[in-house]
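Taking it in order: structure first as structure tokens, then the write-up.
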Amino acid sequence: MADLGNEIFFATIPELNKKLAAREISAEELARAFVNRLQQQGTRYNAVALTLLQQALRQAKLVDQDIKRGRLRGPLQGIPYGVKDLLAYAGQPTTWGAKPYAAQIFDYNATVIEKLSSVGSVLAGKLAMVELAGGGGYRTAAASLFGPGLNPWDRTCWSGGSSSGPAAAVAAGLVPFAIGSETSGSIVTPASYCGVTALRPTYGLVSRHGAMALSWTLDKLGPFARSAEDCGLILQVIAGKDSNDPGSAGRGFYYTPQYARPLKDLKIGYAAVDFTDRADASARPAFQAALDVVKQNGATLVEVKLPQFPYGPALSTILAAEEGSIFEPLITSGKVDQLADPMQIAGLKASLEVPSKDYLKAMRLRRLMQQAFAQLFTDVDALVTPGRSGPATKIEQPLDRPAPGSAQPAQGTPPGFQNIIPAGNLVGLPALVLPCGMAGNLPVALQVVGAPFSENVLLSIGKDFQSKTDWHKRRPPV
Amino acid sequence: MKFTRRELAAVLTPAAAAIAQTTAPAAPADELAAARARLKASADALARQDVAMDVEPAFQFKA
């Protein structure tokens, strides 16, 4: 096999596609290179659940035959990828990151995998995750069948979760892209901590069929990739109506950068306090520099406030009620005690006790939240804020309390967009994570949030940001 | 050199207490109580919200 060099592992989808189309490299060579890299280096970050060399090579050979015959299926043809291990892949274990499901095998593929397969993408492996996507709550980074997700930038730090494997694998160049999921923060957090571009789509845009359900009304699947453009290309493939998903929005997505509104015509809402007092001191210079870049794109930045609602309590209640119903057999059988994290075990047990009146109240408030955000998005086209207020935490740091010595915002500090993650997930809003700088040796990121189905707006803002910066191209010291 | 039992206790007890504080996990009953308390706090926060009678939940059922 030809020596592919190291650059190939950090190439974007269009760059890889160009090499495949020009027959500089075969899909089989590419698959072998990435699966081998995933096998050899994935364990450094506890990022891998399972590699799929034989299956990947079989698929890649078919792709090579197609390319030879001129049957071109688009930019994702021949591109290797990984999926969070909550996506069903027929005949192989799908563990959900949890000991009680370590031997679970489905006999069908998740819709997302079917869609990617139909355009010739090559599944390289299943990637590690926090057990059961962390729904019951978790106190430690070790809340996983695979051990704590380690950050490729600094393996004494957490990769973030619950999509720990997808974020780490893309950051370390182990796969060109990966599919993760978010219920509340599980794409935005690891993408921010690992310095990876990622997209949480509008609720219902990407089919959940074949994905572990944690919360029927909150779960979304989305890509981690090398760039905003890559995320757009991936979303175009994986989005679409699916009658197997009761929450399907019934519509597809076309990535249309050529029709993007000029950025000078956009209004972007933000809260200055998010980039100053609410940000970790180590990250403030990076956040403020990134905000300056956003301002340079010509869009009008306006200070706005999020509608006032108890987002955290509403999300906690909805999540608990839905996950309790989903995992009732696990909990009542006692197998829940096999999970790694005691806080998760207790959270799941308690979730069976959520009164229906509380769930319904939260869901009624949710309708009011949707109306309030719809009003907000008549005033602005997008919102921008840090993905997380600071860089990744140390592995041993408990996740339910601040790090020792860390400064907390003074009492009376305005809230800014501190609730944007639960708010955005409750309302079903899309969010694009953009690496935007470093805090010490660790990356930090912005998130750009939009109205439902405004992914093309977010991607145009992201593409412009990434044309002016190179943070998304930086590589951890692998 | 001989130590009295009182002297040994004075030396060993703080160290033992320090180890207990840093390594003993919360008992499962305590974790469950804490989880219930978190859900109760959420419920209390929701209870303080006024929602008009005609606001329906954000899900639909269609026959």
Side-chain angles (χ1 to χ4, degrees), chain A residues 136-140 203 216-218 246-247 308-322 324 331 334 336-337 339 341-371 396 398 400 422 426-428, chain B:
Chain A
Y138 53 107
R139 182 170 294 116
T140 75
Y203 176 82
W216 304 294
T217 66
L218 287 164
Q308 277 210 307
F309 287 97
Y311 297 110
L315 190 137
S316 299
T317 303
I318 292 167
L319 175 54
E322 293 184 4
I331 301 163
V336 67
D337 290 327
L339 295 177
D341 192 279
M343 185 176 173
Q344 168 105 259
I345 293 169
L348 284 168
K349 287 179 178 174
S351 71
L352 292 182
E353 300 166 13
V354 176
S356 59
K357 68 170 178 62
D358 292 344
Y359 174 71
L360 290 168
K361 183 77 173 284
M363 289 298 268
R364 292 168 73 203
L365 280 168
R366 199 171 181 181
R367 189 174 292 285
L368 298 177
M369 293 172 193
Q370 287 182 299
Q371 292 167 359
E396 62 274 12
D400 60 345
L426 282 164
V427 180
Chain B
M1 183 181 174
K2 275 194 175 179
F3 292 96
T4 65
R5 283 178 292 179
R6 202 182 290 275
E7 284 165 335
L8 277 173
V11 169
L12 291 173
T13 304
I19 291 168
Q21 280 164 10
T22 55
T23 60
D30 293 341
E31 287 278 13
L32 186 54
R36 285 174 171 149
R38 285 191 293 274
L39 284 176
K40 173 89 174 36
S42 292
D44 291 344
L46 296 178
R48 290 192 286 273
Q49 299 290 311
D50 288 328
V51 178
M53 269 178 71
D54 62 350
V55 176
E56 296 193 5
F59 55 68
Q60 285 182 320
F61 174 78
K62 291 195 186 297

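Here is the naming used below: chain letters follow the sequence lines, and residue numbers restart at 1 for every chain. All figures in this text were calculated on a predicted structure; none of them were measured in a lab.
- Across every non-hydrogen atom of Ala346(A) and Ala35(B), the tightest pair is O-CB, 3.6 Å.
- A side-chain contact (heavy atoms from CB on, under 4.5 Å) with Pro57(B) holds for exactly one of Ile318(A), Leu360(A), Thr217(A), Leu365(A); it is Leu360(A).
- Proximity to chain B (any heavy atom under 4.5 Å) is restricted, for Ala320(A), to the side chain, taken from C-beta onward.
- Side-chain atoms of Arg364(A) and Glu56(B), non-hydrogen and from C-beta on, never get closer than 4.5 Å to each other.
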Can you list, pair by pair, the side-chain donor-acceptor contacts under 3.5 Å of residues 43-51 of chain B, counting residues two or more places apart and other chains?
{"residue": "Asp44(B)", "atom": "OD1", "partner": "Lys40(B)", "partner atom": "NZ", "Å": "3.1"}
{"residue": "Asp44(B)", "atom": "OD2", "partner": "Lys40(B)", "partner atom": "NZ", "Å": "3.0"}

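- Nearest heavy-atom pair, Leu39(B) versus Ala350(A), reported as atom, atom and distance to 0.1 Å: CD1-O, 3.5 Å.
- For the pair Phe59(B) and Arg367(A), the tightest heavy-atom approach, listed with the atom from each and the gap, is N-NH2, 4.0 Å.
- Only the backbone of Ala52(B) comes within less than 4.5 Å of a heavy atom in chain A; its side chain stays farther off.
- In this structure the side chain of Glu31(B) never reaches within 4.5 angstrom of the side chain of Gln344(A), judged on heavy atoms.
- Residue with the most contacts toward chain B among Gln370(A), Met343(A), Met369(A): Met343(A) (heavy-atom pairs, distance under 4.5 Å).
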